[in-house]
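First the structure, in the form of C-alpha cells, and then the observations on it.
Heavy atoms only: backbone and side chains are in, while hydrogens, waters and symmetry mates are out.
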Amino acid sequence: MRKKKILMLYDTAVEAEKKYQFQNAKKAYKKIVDLYPDSSEAEIARDRIVDMDALSNEKRLYRRIDRNAKRILTEIGIDFSNSSPLMDLLMEADAIELESDHALFIPLKEDYIDYCLDQMPTDLDSDPGENAFGTGATPPFLLREGRDDLAPASHSEFEEIVEKAIEFTDSLGIFSVPVATDKSVTDIESARLMDSFPDLKMTHTRNMSDDEAGFFSGREDWLDGTSLVTSLTVMPSMVEPFLRSVRLRNTLLLLDLTIAGSTGPLSPEALLTQVHAQVLFMMVLAQTINPGLTCVHGGIPDVLGIGGDLSYSDPSQPLINSAMARLNMWITG
C-alpha cells in the first residue's frame, strides 16, 4: 500500500511535468520527500524540486515573450501599408486598431488577435513527436565522388535520395526537401517523388502554378513552407504566394528566419519576441481567410558567426531554437 501511494504521487508529478505545470509537479515531489523521505523516489524528487523552480522561471520568461509579441502587434504594428490585398482583408475583418495615435506601423486589435489564435487547431495528426529525426539543414548541393565541386541533384540522384529516405522510414519522421535540384526536376516533381515517403513532408509552393500548389490542399502529411514578414514589414513578393496557400487550405509552416544582429536584435529575448510576433501576424492573417486552418509555428531565429556568415554550428543556434520550441510548446500550444 505504501509503495502504491508513492508511485501515485510520482506519476502525478511526472504527468504535471509533461503538461509543463511545473509548480504542480513540485508540490507532488515535495509530498514524496515529506511523507516518504527514505524512499528511492524521494531521492529523485529532491533533485526535481530544484529543477521545477528553474523551469518555472524559464516558463515565466516565455510568457513575457508571448505577451510582448502580442504588444508588438497591438502597439507597434506591422507595416503592410503597401499591400492593398492585406489592407482590404484586415479592414473588412475590422481587425485594425484605428484609434491608435502612437503606433509606428499598422496595429491590430488585441481581441481580434486572440479570436484568431483561438481558431487554430493545436494538434497535427501527422506530427511525428517532439524528438523525431528529420532531414532538415542538409547541404543544398551534392558533392560527387571524384570531384571537388558542388552541383545540384539530377532527376535520378533525387530519386535515389527519396528511395533512401523511404528505406529509413522507421527512424526518419520528417522529410524536408533534401537538396537543390537541376533544371531536370521542377519543384512539383520533387514533391511528387517525395510523396512516396509515408510520414510528414515539407516543401514550398511559391514557384508552383495554382494547380500544382493545389496538390497539397487539405493534406496534413505535407507542410507548405511560406513566409511573409521581415523586420516588421511585409515582403511584397510573398503576399500572393502566401494568400494562395491559405486559400488552398494547405497546411502551413509559417517560417521566420530573422537573424540576430542583421534583421533582428542581438538580445536573445528581443530576438525571440520579434520572431514570435511576426509568426503570430501570419497566423492571424491565415485565420482571417480560413478559420480553423492548421498552422505550424516555423520561427527559426538565426545567428551570425564571427565572420558575419550564418553559423549553424554555433552553440547559440540550437540554444535559441530550443528556447523558441519551448515557447511554442509550453505557452502557445
Side-chain angles (χ1 to χ4, degrees), residues 10-22 24-26 28-29 44-45 47-48 50-52 54-59 61-63 65-66 120-139 161-162 164-179 194-204 219-225 251-257 268 271-272 275-276 279 283 294-303 310-333:
Y10 191 80
D11 288 344
T12 298
V14 171
E15 191 61 31
E17 279 199 59
K18 289 180 179 178
K19 296 177 180 178
Y20 320 118
Q21 298 170 353
F22 302 118
N24 288 343
K26 178 183 176 181
Y29 284 130
I44 299 172
D47 290 335
R48 297 307 292 158
V50 177
D51 292 338
M52 292 307 101
L55 290 169
S56 292
N57 287 333
E58 187 179 351
K59 185 176 180 180
L61 168 66
Y62 298 145
R63 279 186 176 141
I65 291 172
D66 183 54
M120 284 197 309
T122 55
D123 296 312
L124 183 69
D125 289 341
S126 57
D127 184 356
E130 293 181 15
N131 297 311
F133 179 75
T135 62
T138 56
I161 292 171
V162 173
K164 186 62 66 174
I166 295 171
E167 181 182 339
F168 286 92
T169 299
D170 289 345
S171 56
L172 184 64
I174 306 171
F175 189 24
S176 183
V177 176
V179 292
M194 292 170 62
D195 203 40
S196 300
F197 182 79
D199 297 317
L200 187 63
K201 300 165 283 287
M202 300 182 187
T203 189
H204 56 87
R219 294 188 56 176
E220 281 207 350
D221 62 327
W222 273 101
L223 298 183
D224 181 356
T251 300
L252 302 182
L253 174 61
L254 300 174
L255 295 166
D256 188 306
L257 281 71
L271 178 62
L272 289 171
V275 170
H276 191 46
V279 174
M283 288 179 171
T294 300
C295 297
V296 177
H297 194 306
I300 310 174
D302 284 325
V303 296
L310 281 176
S311 179
Y312 294 111
S313 60
D314 190 293
S316 304
Q317 189 75 21
L319 185 64
I320 194 71
N321 278 278
S322 294
M324 187 85 261
R326 288 187 171 193
L327 167 62
N328 294 332
M329 292 187 295
W330 295 7
I331 307 301
T332 69

Pair Thr12, Glu15 - check side chain to side chain contact (heavy atoms under 4.5 Å, CB included), show working.
CA-CA 5 Å; Thr12 298; Glu15 191 61 31; 5.9 Å; no
Nearest-0.5 Å distance, CG of residue Asn328 to OG1 of residue Thr122:
12.5 Å
If every non-hydrogen atom of Ala25 is compared with every non-hydrogen atom of Glu17, which pair is closest and at what distance?
CB-CG, 3.8 Å
Main chain of Tyr62, side chain of Asp66: is a donor-acceptor contact present, judged purely on distance under 3.5 Å?
no
Measure across Gln317 and Pro301 and return the closest heavy-atom pair with its distance rounded to 0.1 Å.
NE2-O, 3.4 Å
Side chain of Ser126, backbone of Glu220: donor and acceptor closer than 3.5 Å?
yes
Is there a side-chain contact between Thr169 and Phe197, using heavy atoms and a 4.5 Å cut-off?
yes
Enclosure of Asn57 CG (heavy-atom neighbours >12, cutoff 6.0 Å)
yes
Gln21 CD to Lys59 NZ distance, which is reported to the nearest 0.5 Å:
6.5 Å
Over all atoms of both residues, closest heavy-atom pair of Asn321 and Gly299
OD1-O, 4.2 Å
Val14 and Tyr29, any side-chain heavy atoms less than 4.5 Å apart:
yes
So that I can tick it off, tell me whether Asp51 and Arg48 are bridged by a salt bridge, with the cut-off set at under 4.0 angstrom between side-chain N and carboxylate O.
yes
Residue pair Ser171 / Phe133: nearest heavy atoms and the distance that separates them:
O-CB, 3.4 Å
Looking only at heavy atoms, the pair that brings Met329 and Tyr20 closest together is O-CE1, 3.4 Å
Quick one: pull up CG in Asp195 and CZ in Phe175 and give me the separation to the nearest 0.5 Å.
11.0 Å
Would you say Thr135's side chain and Ser176's backbone share a donor-acceptor pair under 3.5 angstrom?
yes
Please tell me if the side chains of Lys201 and Asp221 come closer than 4.5 Å, counting only heavy atoms from C-beta onward.
yes
Quick one: CE on Met120 to CG on Leu252, what's the gap to the nearest 0.5 Å?
10.5 Å
Using side chain to side chain contact (heavy atoms under 4.5 Å, CB included), reason through Val177 and Met202 one step at a time and then give a plain yes or no.
CA-CA 6 Å; Val177 176; Met202 300 182 187; over 6 Å; no
Determine, step by step, whether Leu254 and His297 satisfy the side chain to side chain contact (heavy atoms under 4.5 Å, CB included) criterion, reporting the C-alpha distance in whole Å, the side-chain angles of both residues, the deciding distance to 0.1 Å, and the verdict.
CA-CA 6 Å; Leu254 300 174; His297 194 306; over 6 Å; no
Verdict with supporting geometry, His276 and Thr332, side chain to side chain contact (heavy atoms under 4.5 Å, CB included)
CA-CA 10 Å; His276 191 46; Thr332 69; 3.6 Å; yes
Quick one: are Pro178 and Ile161 in side-chain contact, heavy atoms under 4.5 Å?
yes
Only one of Ile300, Val275, Asp302 passes side-chain contact (heavy atoms from CB on, under 4.5 Å) with Asp256; say which it is.
Val275
If I compare all heavy atoms of Phe22 with all of Ser56, which pair ends up nearest, and what's the gap?
CB-OG, 3.4 Å
Using a 4.5 Å cut-off on heavy atoms from C-beta on, say whether the side chain of Leu223 contacts that of Leu200.
yes
Got a second to check how far Leu55's CG is from Trp330's CH2, nearest 0.5 Å?
4.5 Å
Within this structure, what is the CZ-OG1 distance for the pair Arg219 and Thr294, rounded to the nearest 0.5 Å?
14.5 Å
